[in-house]
Amino acid sequence: MSLLKTIDPAPAFEPKHALPAPERLISGSPAFKTWAQDSAKDGTVHTGVWQATPGETHSIKGETFEFCHILEGVIELTEQGKAPVIYRAGDSFVMKPGYVGVWKTIETVRKIYVTVS
């Protein structure tokens, strides 16, 4: 088994489809697709590609650390008590454990993610 994993930004396999939990939905009707591509460390580390259509949801990280690299689209993240930040294709960011805010997908977004719980 190789310890090198390439994340395919345009996977050909069927993604997992999801909708936001009703208590997290703020506006719109966003839909999510997840192409999980790898996990390690007893399931505490996950990598893959995630996509969301326009809409606005509450984002709560809890104990999870998440690195994101935007492949396409535009989002606005507003951390609780902070000014909004816009991210576009090519941008990368980290949401640290304890992050609470609003995730607004302005244009359908696709990202590579790495989560550590």
Side-chain angles (χ1 to χ4, degrees):
M1 180 170 119
S2 177
L3 295 179
L4 178 64
K5 176 64 179 172
T6 299
I7 303 300
D8 182 351
F13 62 90
E14 184 65 21
K16 177 183 172 187
H17 296 265
L19 298 173
E23 65 274 13
R24 295 255 181 123
L25 181 63
I26 297 170
S27 67
S29 54
F32 310 134
K33 294 180 183 178
T34 303
W35 293 266
Q37 296 187 33
D38 197 31
S39 64
K41 297 278 188 183
D42 300 325
T44 60
V45 179
H46 299 274
T47 59
V49 174
W50 181 83
Q51 181 175 299
T53 58
E56 199 168 357
T57 58
H58 293 286
S59 180
I60 303 167
K61 287 285 112 188
E63 295 301 314
T64 302
F65 173 101
E66 183 173 4
F67 167 82
C68 302
H69 177 75
I70 304 296
L71 297 167
E72 58 187 59
V74 179
I75 62 167
E76 177 184 272
L77 297 182
T78 307
E79 184 177 0
Q80 192 171 33
K82 308 285 184 190
V85 178
I86 300 282
Y87 292 103
R88 304 178 185 321
D91 292 338
S92 300
F93 60 92
V94 170
M95 290 183 286
K96 295 181 180 183
Y99 175 88
V100 175
V102 173
W103 177 293
K104 181 178 182 180
T105 301
I106 297 167
E107 295 175 9
T108 296
V109 67
R110 182 180 284 230
K111 69 178 184 177
I112 291 174
Y113 66 86
V114 177
T115 61
V116 180
S117 308

Could you pull out every donor-acceptor pair under 3.5 Å between side chains of residues 13-34 and any protein atom, sequence neighbours left out?
unit_1	atom_1	unit_2	atom_2	d
E14	OE2	H17	NE2	2.8
S27	OG	E56	OE1	3.1

Q37 and T6 have their tightest heavy-atom pair at OE1-O, 4.1 Å
Apart from L4 itself, members of its ILVMFWY cluster (side-chain separation under 4.5 Å) are none
Members besides I60 in its Ile/Leu/Val/Met/Phe/Trp/Tyr cluster (side-chain heavy atoms under 4.5 Å): V100
With a cut-off of 3.5 Å and sequence neighbours excluded, list every side-chain donor-acceptor pair involving residues 102-115.
unit_1	atom_1	unit_2	atom_2	d
W103	NE1	T105	OG1	2.9
R110	NE	Q51	OE1	3.0
R110	NH1	P9	O	3.1
R110	NH2	Q51	OE1	2.8
K111	NZ	E66	OE2	2.7

Could you go through residues 71-98 and list every donor-acceptor pair under 3.5 Å that involves a side-chain atom there, pairing it with any protein atom two or more places apart or in another chain?
unit_1	atom_1	unit_2	atom_2	d
D91	OD2	R88	N	2.8
S92	OG	H69	ND1	2.7

Sequence neighbours excluded, the answer for side-chain hydrogen bond (donor to acceptor under 3.5 Å, both in side chains) partners of E63 is none
Does F67 share a hydrophobic cluster with I7, counting links as ILVMFWY side-chain heavy atoms below 4.5 Å and allowing steps through other members? no
